Amino acid sequence: MALIRKFLAGAIVAATMLAGAAPASADDDRGRGRIEDLGVPLKDVLLIGGLVAPGRGGKTVIWSASSGSPAHLNAVDPATGTTVGRFALPGSAGSYELAAAPGGGIYVGTYGDGRLYHWTEQGGVKDLGRPIASENFIWSVAMGEGGTVYGGTSPGGRLFSYNPATGMRDLGKPSPSHAYVRSVDYADGKLYAGTEGPAAVFEIDTATGMSKQLPVPGGLNPAGKWAYDVNVVGGFLYVRYGGASPSELHVWDIAAGAWVDKLDTAHGLDVSPAGENGEVYLIKSDELVRYDPRSRTVTPTGLPITGRVANTRGIGWAELGLPDYPGKSVVGLLWRGLMFRYNPQTGAKSIVPTDIPGDPIDVTTLSEGPDRRVYAGGFLNGGFAAIDPRTGEREEFHSFSQTEGMVAHDGKLYIGAYPEARVYSYDPKLPWNSPEYSPSLGAAPNPARLFDLNADKQIRPRAMVSAGRYLAVGTMPDLGHLGGSLAVWDPEKGVLQHSQRHVVKDQSIVALAYRNGILYGGTSIYSGQTATPPTQPEGKIFAWSVREKKLLWEAVPAPGKPAVSGLTFGMSGRLWGIAGGEVFAFDTRHRKVVKRVTLSDSKSSSGKLIYSPRHAILYGAHAGTSLFALSPLTGRHTVLKEGPVHQMAVHRSGDVYFAEGTKLYRYSR
């Protein structure tokens, strides 16, 4: 009987669509559909904060925090790569930096909820809470004297301290004009703090609270650069100005009070503690090198460390007890769980895997591919997975960048990646080969990198749509900037046919739809980084001619809503959109809203809306609170599942795939 009912339901829908009669309303979906839990499609290792310090029993280990839900603190034996300790950090998503407490123990500053944790061998992990209520991101921590740990935060750009005897202290803002304290380190009663662009470094006397800004190195333009990494070693302050990618590292002689050297193309996130002769080790131009701050010389080690993200996730000294590694060796971790080793005496070097477990990754985008599989991309540690729509099982997984958007176009899947608003094309008929994120197979890159909009200060290619013969991309800008870009790529010629910023003044482009030579965009008043204050009151929709390369019109469809986060064409060519808690139908000819459905009074900038021609129904994600179905004829709507739904895709079969954090679900009628 169930099979007969399913057949009859499909036949009725098909018949009404052909006859032009009203389709079944969304209310009729209640109780008919089925929701399946498809599990976790994305799971990988992402290490950010790390250091080399004593672990259990005083044995030297490499500590590192792996991102996940929750994050974990991991201890790795540098001689074997074996994980000898793994501790959950409930309430956190990851960590950019750790600090070793005197007498043993590790402090972990985290993001997600901006909490500070303390691990000890005797007591395990203790959650010390949020140092500052207004701050949800601890970027950096450093040990001071007397057992005091210091940290820097965002979005308020504040400093804090914690001492087990006296508790937490809010130390205020080192700079009234900065929103991030990205990096901190401590030496001899002075705390050094680096900010976002325009990059600034402050020296704070921890006894008096007096603060002064260090001069900008000669020839450096701090605009658009961060004081991303700050390390104090052996009387020298090492400051890397730039971002996640390799950039210039400047050396400040603390006693002389002057900048004394510069190293180009240095990687982060740290330099090593000093060796016997005051030398430090770091990654420069994709190679581990030794740097002597007194002679100002760089000596290569011959150990290559390549890939898009070739940064140390903890670097220091350890005795390995291995034949080719006498005495102390330089050891450290890389972001995907590999470990590197170098011995200064013998020149022995190696990169070996560790067994740090992968953690689930939040899904940031979903799309049906040209091969009818469903693809998922993830947050921060990224990842790229394909799901078989027949079984719901994950068919493949690869390491990849954080993904902001995906769309199928002319036999390929196009991928928008963070940061730098990079755009790639993936051919599912060819083998995966991503030299940026995994060992190369020697073949042509697949996904192939097409272009980026870094020069226009863009970071998130959030909106993507197939636009006739072209691919269209809408983006969000970097911190301190407003105004997204609209880019049109010609796949046949392999060229960027057009790119234009501020199509709508000071607004990002977060949704795109296409029809008959016209691109329709939905905008957000926000930048790609929330610390940037908006200048506009509400999101808009706009029409842009692909042939004429010009804006035709713009309009405000939902007054007071900060973003039009989803656009889709429904039956009869009507343009539908979602803005906060409102769904609206827009007449593009007369440029006015002709139907409005209120789901809630939410002003959220999150939301998705996709029309399913299979069922003549609109499916949407409402303000990160639910998945819903809505009849475009009657406006009646049904909540299909309550929960933190932000990402969704409608398959040509009519099934709806949606994510709640790390979990993937399928709704089918």
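FYI, the numbering just counts along the sequence from 1. Since we're looking at a predicted model, the values are computed, not measured. Both backbone and side-chain heavy atoms feed into the values below; hydrogens, waters and symmetry mates do not.
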Can you sort out the partners of [X] under side-chain contact (heavy atoms from CB on, under 4.5 Å), two or more places apart, ordered by chain and number?
| X | value |
| --- | --- |
| A531 | A179, Y180, L479 |
| T148 | Y150, S161, N163 |
| K561 | A558, A579, E582, K603 |
| A511 | L567 |

Main-chain N/O of [Y] paired with [X] side-chain donor or acceptor, under 3.5 Å:
| X | Y | value |
| --- | --- | --- |
| T195 | A200 | yes |
| R596 | P557 | yes |
| S508 | G484 | no |
| S183 | V181 | no |
| S527 | H481 | yes |
| E196 | W226 | no |
| R336 | N381 | yes |
| H72 | R86 | no |
| Q536 | S524 | no |
| R158 | L171 | no |

Would you be so kind as to tabulate the donor-acceptor pairs closer than 3.5 Å made by side chains of residues 112-122, with sequence neighbours excluded?
from: D113; atom 1: OD1; to: R130; atom 2: NH1; distance (Å): 3.4
from: D113; atom 1: OD2; to: R115; atom 2: NH1; distance (Å): 2.8
from: R115; atom 1: NE; to: D127; atom 2: OD1; distance (Å): 3.2
from: R115; atom 1: NE; to: D127; atom 2: OD2; distance (Å): 2.9
from: R115; atom 1: NH2; to: D127; atom 2: OD2; distance (Å): 3.2
from: Y117; atom 1: OH; to: P90; atom 2: O; distance (Å): 2.4
from: T120; atom 1: OG1; to: G123; atom 2: N; distance (Å): 3.0
from: E121; atom 1: OE1; to: G57; atom 2: N; distance (Å): 3.1
from: E121; atom 1: OE2; to: G57; atom 2: N; distance (Å): 3.2

Tell me, do [X] and [Y] make a side-chain contact under 4.5 Å, heavy atoms counted?
| X | Y | value |
| --- | --- | --- |
| F236 | V271 | no |
| Y619 | K608 | no |
| L366 | L664 | yes |
| D44 | L46 | no |
| V583 | F628 | yes |
| H637 | H622 | no |
| T662 | D359 | no |
| W139 | S154 | yes |

Handout entry: Enclosure of R308 CZ (heavy-atom neighbours >12, cutoff 6.0 Å)
Key = yes
Which atom pair, heavy atoms only, marks the closest approach of [X] to [Y]?
| X | Y | value |
| --- | --- | --- |
| F202 | S175 | CZ-CB, 3.5 Å |
| V230 | D185 | O-CB, 3.7 Å |
| Y241 | V239 | CE1-CG1, 3.5 Å |
| V232 | Y186 | CB-O, 4.4 Å |
| G539 | V556 | O-CG1, 4.1 Å |
| T523 | Q507 | OG1-OE1, 2.5 Å |

Would you give the length of the straight line joining atom [atom1] of [X] to atom [atom2] of [Y], rounded to the nearest 0.5 angstrom?
| X | Y | atom1 | atom2 | answer |
| --- | --- | --- | --- | --- |
| T354 | L47 | OG1 | CG | 7.0 Å |
| F384 | T403 | CZ | OG1 | 7.5 Å |
| S272 | I283 | OG | CD1 | 11.0 Å |
| L333 | L51 | CG | CG | 10.5 Å |
| Y526 | L482 | OH | CG | 11.5 Å |

For residues 208-217, tabulate all N or O donor-acceptor pairs below 3.5 Å that involve a side-chain atom, not counting sequence neighbours.
from: T208; atom 1: OG1; to: M210; atom 2: N; distance (Å): 3.2

Practice task
Determine, stepwise, if the pair S66 / N74 fulfils side-chain hydrogen bond (donor to acceptor under 3.5 Å, both in side chains).
Solution key: CA-CA 7 Å; S66 54; N74 305 279; 2.9 Å; yes
Exercise for the section: Start with the C-alpha distance between V76 and V61, add both sets of side-chain angles, then the distance that settles side chain to side chain contact (heavy atoms under 4.5 Å, CB included), and finish with yes or no. Expected result: CA-CA 5 Å; V76 175; V61 297; 5.9 Å; no
Exercise for the section: Could you check I48 against L380 for side chain to side chain contact (heavy atoms under 4.5 Å, CB included), going step by step and ending with a plain yes or no? Expected result: CA-CA 10 Å; I48 306 181; L380 198 59; 4.0 Å; yes
Practice task
Decide yes or no on side chain to side chain contact (heavy atoms under 4.5 Å, CB included) for Q529 and R460, but give the supporting numbers first.
Solution key: CA-CA 10 Å; Q529 300 279 19; R460 302 185 191 277; 4.0 Å; yes
Under the rule for ring-ring contact (aromatic ring centres under 6.0 Å, His included), what residues qualify as partners of [X], not counting sequence neighbours?
| X | value |
| --- | --- |
| F658 | Y665 |
| Y192 | none |
| W252 | W259 |

Problem - K225/E248 salt bridge by N-O under 4.0 Å criterion - result: no
Exercise for the section: Could you tell me whether K641 and D37 make a salt bridge, using a distance below 4.0 angstrom between a side-chain N and a carboxylate O? Expected result: no
Please list, chain by chain and in numerical order, all residues satisfying salt bridge (Lys or Arg N to Asp or Glu O under 4.0 Å) with [X], sequence neighbours excluded.
| X | answer |
| --- | --- |
| D506 | none |
| K43 | none |
| R182 | none |

Handout entry: Aromatic ring proximity, centroids under 6.0 angstrom, Y437 and W335
Key = yes
Exercise for the section: Please name the residue in the list M476, R462, M464, R422 that meets the side-chain contact (heavy atoms from CB on, under 4.5 Å) test with E404. Expected result: R462
Exercise for the section: Take F379 and L42, measure what side chain to side chain contact (heavy atoms under 4.5 Å, CB included) needs, and give me the verdict at the end. Expected result: CA-CA 10 Å; F379 173 69; L42 302 166; over 6 Å; no
